[in-house]
Peer 1: 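This is the structure, below, for whatever I ask next.
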Amino acid sequence: MLRVDRWFRFGPWLLLLTLCCWVHGNHSEDAEFVTCGSVVKLLNTRHNVRLHSHDVKYGSGSGQQSVTGVESSDDANSYWTIRGKIDGACQRGEPIKCGQAVRLTHVNTGKNLHTHHFSSPLSNNQEVSAFGDNGEGDELDAWTVQCSDTLWERDDAVRFKHIGTSVYLTITGEQYSHPIRGQREVHGITSPNAHNYWKVMEGVFIKPSLQPGSGKHDEL
C-alpha cells in the first residue's frame with residue numbers, strides 16, 4: 001500500500017494506468033458500493049457539473065486553493081480520493097457507511113476538500129476550498145456522507161455535510177469569469193436542498209478483500 005506522500009507523487013500516473021484497464025459501468029453484485037480508497041469524480045445532479053480543483057487560489061476570503069464545478073467529464077483535475085476522517089479510520093476497499101466521516105483528497109494537488117467561516121466570492125455563502133499538503137490538513141477537512149440506506153451505493157445521490165460548520169457541499173449556479181471562465185462556484189449552505197446532491201461518476205473503485213486479512217483486492 002502506498003504511503004500518502006508517495007501516492008501524491010506517483011498517484012496520478014498510477015491512476016491513469018489503472019483507468020486504461022477499468023471497464024466503465026461495471027456494476028456487478030460485489031461492486032455496488034463506494035469504498036474507502038476509491039478515486040472518483042463527483043457530479044452535482046442539479047447542475048450537471050463535476051467537483052473540481054486546480055492550482056488557482058481565491059483572490060479573496062482565505063486565499064486558499066479554489067474549488068469549482070466544471071462541465072467537462074474528462075478533466076483530470078476532477079479526481080478525488082475517498083479517505084477516512086483520520087488515517088486508518090476506514091480500511092482500503094471497505095464500503096463507506098451512510099453517516100460515516102470521510103475526507104475527499106484532490107488527486108493532482110494533494111489537498112483536502114475543506115470549508116471554514118469565510119464568505120464565498122460570488123454568492124456570499126460559505127467558502128469551500130482545498131487545503132493541506134500531501135493529503136494532510138486539519139479537522140475542518142471532515143465531511144459526513146448522507147445517504148438513504150446503510151451503505152453508500154454507487155447509484156445513490158448523496159449529500160456531504162461538513163462536520164465542523166454543519167453546511168452542505170452545494171452548487172447554486174453562480175459562474176466565474178477570468179481566469180476560470182464558466183466554472184461554477186462551490187460553497188457551503190446550511191439547508192439541505194436539490195442543489196447539494198452528488199453522485200459518483202468516472203473513477204477507480206477498490207473492491208473489498210476476498211478474505212479478511214488476505215490483503216487482496218481488485219480494481220474496477
Side-chain angles (χ1 to χ4, degrees), residues 2-20 37-44 47-85 87 102-143 160 162 164-165 167 169-188 198 200-204:
L2 287 175
R3 286 172 44 197
V4 170
D5 57 345
R6 292 180 181 173
W7 162 253
F8 291 113
R9 186 179 305 169
F10 304 113
W13 299 104
L14 295 175
L15 172 63
L16 182 61
L17 177 63
T18 307
L19 282 173
C20 292
S38 294
V39 180
V40 301
K41 293 184 179 182
L42 292 163
L43 178 76
N44 182 279
H47 297 278
N48 201 37
V49 293
R50 286 162 174 78
L51 188 68
H52 178 90
S53 192
H54 41 213
D55 193 17
V56 176
K57 293 180 171 57
Y58 286 120
S60 62
S62 69
Q64 293 176 4
Q65 182 170 299
S66 59
V67 173
T68 63
V70 297
E71 294 181 354
S72 174
S73 62
D74 59 0
D75 193 318
N77 274 318
S78 299
Y79 282 111
W80 302 80
T81 303
I82 301 170
R83 304 167 60 208
K85 180 182 177 182
D87 288 336
V102 299
R103 288 177 292 178
L104 297 173
T105 304
H106 188 243
V107 169
N108 281 351
T109 64
K111 297 183 182 297
N112 296 326
L113 189 70
H114 180 94
T115 190
H116 41 207
H117 293 296
F118 287 90
S119 295
S120 59
L122 301 183
S123 65
N124 204 37
N125 289 307
Q126 185 164 300
E127 179 192 279
V128 172
S129 64
F131 173 77
D133 294 294
N134 295 322
E136 297 308 319
D138 64 21
E139 68 279 0
L140 293 177
D141 299 341
W143 304 75
F160 297 97
H162 190 244
T165 64
V167 298
L169 184 68
T170 304
I171 292 178
T172 50
E174 294 83 1
Q175 295 189 30
Y176 289 102
S177 57
H178 182 79
I180 49 176
R181 185 177 301 276
Q183 295 187 22
R184 309 296 177 89
E185 182 185 80
V186 175
H187 49 249
W198 300 84
V200 293
M201 300 299 288
E202 304 82 4
V204 179

Peer 1: Exactly one of Thr68, Leu42, Val67 should register a side-chain contact (heavy atoms from CB on, under 4.5 Å) with His52. Which one does?
Peer 2: Thr68

Peer 1: Using the side chain to side chain donor-acceptor pair (under 3.5 Å) rule, pick out the option among Arg83, His114, Arg103 that qualifies with Asp141.
Peer 2: His114

Peer 1: Looking only at side-chain N and O atoms, does Glu174 offer a donor or acceptor that is under 3.5 Å from a partner on Ser123?
Peer 2: no

Peer 1: Mind checking what makes ring pair (Phe, Tyr, Trp, His ring centres under 6.0 Å) contact with His47, not counting sequence neighbours?
Peer 2: His195

Peer 1: Quick one: does Asn108's side chain get under 4.5 Å of His106's, heavy atoms only?
Peer 2: yes

Peer 1: Are Val70 and Asn77 side-chain neighbours, meaning at least one heavy-atom pair lies under 4.5 Å?
Peer 2: no

Peer 1: Quick check: are there more than 12 heavy atoms from other residues, nucleotides or ligands sitting under 6.0 Å from CG of Asp138?
Peer 2: yes

Peer 1: May I ask you to decide if Val128's main-chain N or O and Tyr58's side chain share a donor-acceptor pair within less than 3.5 Å?
Peer 2: yes

Peer 1: So, do Lys111 and Asp133 sit near enough that their side-chain heavy atoms are less than 4.5 Å apart?
Peer 2: yes

Peer 1: Is any side-chain heavy atom of Leu104 closer than 4.5 Å to a side-chain heavy atom of Ile82?
Peer 2: yes

Peer 1: Given 3.5 Å as the limit, does a donor-acceptor pair link the side chain of Trp143 with the main chain of Leu169, or not?
Peer 2: no

Peer 1: Just wondering, do Leu140 and Thr115 contact through their side chains at under 4.5 Å, heavy atoms?
Peer 2: no

Peer 1: Do Ser53 and Gln65 have side-chain atoms, one donor and one acceptor, less than 3.5 Å apart?
Peer 2: yes

Peer 1: Any chance the side chains of Asn124 and Ser119 put a donor and an acceptor closer than 3.5 Å?
Peer 2: yes

Peer 1: So which pairs with a foot in residues 64-81 pass salt bridge (Lys or Arg N to Asp or Glu O under 4.0 Å), sequence neighbours left out?
Peer 2: Glu71-Arg184

Peer 1: Any chance you could lay out the side-chain hydrogen bond (donor to acceptor under 3.5 Å, both in side chains) test for His187 and Thr170, step after step, and finish with the verdict?
Peer 2: CA-CA 5 Å; His187 49 249; Thr170 304; 5.4 Å; no

Peer 1: Side chains of His116 and Thr165: do they bring a donor and an acceptor to under 3.5 Å?
Peer 2: no

Peer 1: Can you confirm whether Trp80 sits close enough to Val200 that some side-chain heavy atom of one is under 4.5 Å from a side-chain heavy atom of the other?
Peer 2: no

Peer 1: Does Arg50 reach the side chain of Ser72, with side-chain heavy atoms less than 4.5 Å apart?
Peer 2: no

